[in-house]
2 protein chains.
Amino acid sequence: MGYSIKTISQKSGLSPYTLRYYEKEGVLPLVARDENGNRCFHDEDIDLISLICCLKDTGMPIAEIKQFVALSKEGGGTLPERRKLLMEHKQEIDRKIEFFQQFSKKIDHKIAYFSSLENETSSQPQQQAEEEAN
Amino acid sequence: MGYSIKTISQKSGLSPYTLRYYEKEGVLPLVARDENGNRCFHDEDIDLISLICCLKDTGMPIAEIKQFVALSKEGGGTLPERRKLLMEHKQEIDRKIEFFQQFSKKIDHKIAYFSSLENETSSQPQQQAEEEAN
DNA sequence: GTAAACCTTAGAGGTTACTAGAAGGCAATA
DNA sequence: TATTGCCTTCTAGTAACCTCTAAGGTTTAC
């Protein structure tokens with residue numbers, strides 16, 4: 001029979017507002033309707049929504065996801081193009097991972113530095129150290 | 001003598017508009033001025049801007065950075081609070097790294113799947129496979 | 001001495017991605 | 001049969017984060 005918008009909202013973590021917005025914007029392909037005109041999602045929709053969430057959550061802009069979904073609708077002939085899009089995005093993700101790892105370390109050093117300053121001032125409370133403890 | 005807004009813009013990758021906006025919003029502390037009223041950045045500013053960029057680029061919202069900067073201005077007494085903020089943010093970053101790594105793998109699988117479909121259809125061009133190649 | 005290349009401010013405008021409200025339809029339940 | 005609860009569309013509003021324009025001041029280069 002298919003799933004209601006509410007069910008899909010719960011499964012995907014996207015609000016019903018967002019799901020309708022995505023369909024309107026072409027981020028989701030047109031969803032099937034039941035006899036009352038209500039959206040009726042199927043398992044393929046769930047698969048695609050899961051991929052869309054993955055792309056979105058790793059920073060792909062909505063406009064680009066839309067492009068990917070449009071290619072999907074065009075069929076198998078667009079597979080190389082879609083694969084290229086994914087490969088480019090994967091590179092982006094891997095670049096971000098590296099970047100985040102660097103910054104995680106940098107923040108760690110800052111935390112350690114703050115700790116050392118805290119110990120210093122607590123053992124020598126009269127001294128007002130720290131001029132550049134940003 | 002200090003650095004002009006243009007120099008800092010180039011060093012930081014933030015536009016002069018953004019730097020002024022950040023100062024106005026309290027994301028940067030008030031910057032020193034020269035005799036003509038022009039901004040005159042110093043090395044401490046560069047250090048702080050570097051940290052701010054690091055926080056921003058790892059997803060800390062401007063409002064939170066602002067809070068951090070406000071605490072910095074209050075002095076050494078706020079060190080534990082600042083350290084707490086950084087530790088929470090670091091956890092966020094590490095969570096994101098894990099998440100991104102998962103999604104990088106997922107996209108890899110999708111890419112491999114697309115490749116296999118492409119090979120299939122090119123060796124059997126008469127067959128229109130692919131119904132769910134999302 | 002004037003034009004280019006900077007800088008300043010205040011405030012408006014833009015982009016992205018939702019998010020909510022209003023008005024109404026259908027269906028099951030008390 | 002009326003209330004509850006879900007759905008629909010259309011359109012307007014919001015939040016975050018810039019980005020630009022207008023109007024004007026100063027300094028340097030020809």
Side-chain angles (χ1 to χ4, degrees), chain A residues 1-42 45-46 48-70 89 92 96, chain B residues 1-42 45-46 48-49 51-70 85 89 92 96:
Chain A
M1 269 276 7
Y3 310 95
S4 74
I5 198 164
K6 197 184 184 191
T7 309
I8 296 298
S9 168
Q10 283 158 353
K11 275 185 198 256
S12 67
L14 301 172
S15 76
Y17 295 138
T18 305
L19 287 165
R20 289 190 202 106
Y21 166 72
Y22 278 7
E23 185 182 351
K24 198 172 63 184
E25 291 297 307
V27 175
L28 277 179
L30 291 176
V31 177
R33 301 303 175 109
D34 66 12
E35 63 283 1
N36 296 314
N38 292 353
R39 285 173 186 79
C40 187
F41 292 82
H42 296 99
D45 295 316
I46 297 183
L48 184 53
I49 289 169
S50 150
L51 179 59
I52 287 168
C53 286
C54 163
L55 295 174
K56 193 202 62 168
D57 292 342
T58 49
M60 186 184 280
I62 293 271
E64 213 166 308
I65 298 176
K66 189 172 157 176
Q67 204 186 328
F68 180 85
V69 168
H89 184 60
E92 261 299 295
K96 271 185 196 165
Chain B
M1 265 272 12
Y3 310 95
S4 75
I5 197 165
K6 197 183 184 191
T7 309
I8 296 298
S9 169
Q10 283 157 353
K11 275 185 198 255
S12 66
L14 300 173
S15 77
Y17 294 139
T18 305
L19 287 166
R20 288 190 203 104
Y21 166 71
Y22 278 6
E23 186 183 350
K24 199 170 62 182
E25 291 297 307
V27 175
L28 278 179
L30 291 175
V31 177
R33 302 303 177 109
D34 68 11
E35 63 283 4
N36 297 314
N38 293 352
R39 281 174 189 79
C40 190
F41 292 81
H42 297 98
D45 296 316
I46 296 182
L48 183 53
I49 289 169
L51 179 59
I52 286 168
C53 286
C54 163
L55 296 175
K56 194 202 62 165
D57 292 342
T58 49
M60 185 183 280
I62 295 271
E64 213 166 308
I65 298 176
K66 190 172 156 175
Q67 202 187 329
F68 181 85
V69 168
L85 268 175
H89 184 60
E92 261 300 294
K96 273 185 192 163

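So that the names make sense, note that chain A is the first sequence line, chain B the second, and so on, each numbered from 1.
Contact annotation for A/Ser4: backbone-only contact, meaning every heavy-atom pair under 4.0 Å involves sugar-phosphate atoms and none involves a base. Nucleic acid contact for A/Pro16: none, since no nucleic acid atom lies under 4.0 Å from a heavy atom of the residue.
Rounded to an integer number of Å, the gap from CD of B/Glu23 to P of D/dC18 is 16 Å. Spacing between atom CZ of A/Arg20 and atom P of C/dG21 amounts to 14 Å, rounded to whole angstrom units. In this entry the distance linking CE of A/Met60 with P of C/dT16 reads 15 Å, nearest Å.
You'll find the side chain of A/Tyr3 stays beyond 4.5 Å of the side chain of A/Gln10, heavy atoms only. Counting only heavy atoms from C-beta outward, the side chains of B/Phe41 and B/Arg39 approach each other to under 4.5 Å.
DNA chain C is contacted by both A/Glu35 and A/Leu14; A/Leu14 maps to the nucleotide lying nearer its 5′ end (nearest heavy atom per residue). The residue among B/Lys6 and A/Ala63 whose nearest nucleotide of DNA chain C lies closer to the 5′ end is B/Lys6.
In this structure, A/Asp57 CG and B/Lys96 NZ are separated by 10.5 Å, a value rounded to the nearest 0.5 Å.
Dashed line: the shortest gap from a side-chain N or O of A/Arg39 to OP1 or OP2 of D/dT9 is under 4.0 Å. Note on A/Tyr21: every side-chain N or O is 4.0 Å or more away from OP1 and OP2 of C/dA20.
A salt bridge links A/Arg33 with A/Glu23: the closest approach of a Lys/Arg side-chain nitrogen to an acidic carboxylate oxygen falls below 4.0 angstrom.
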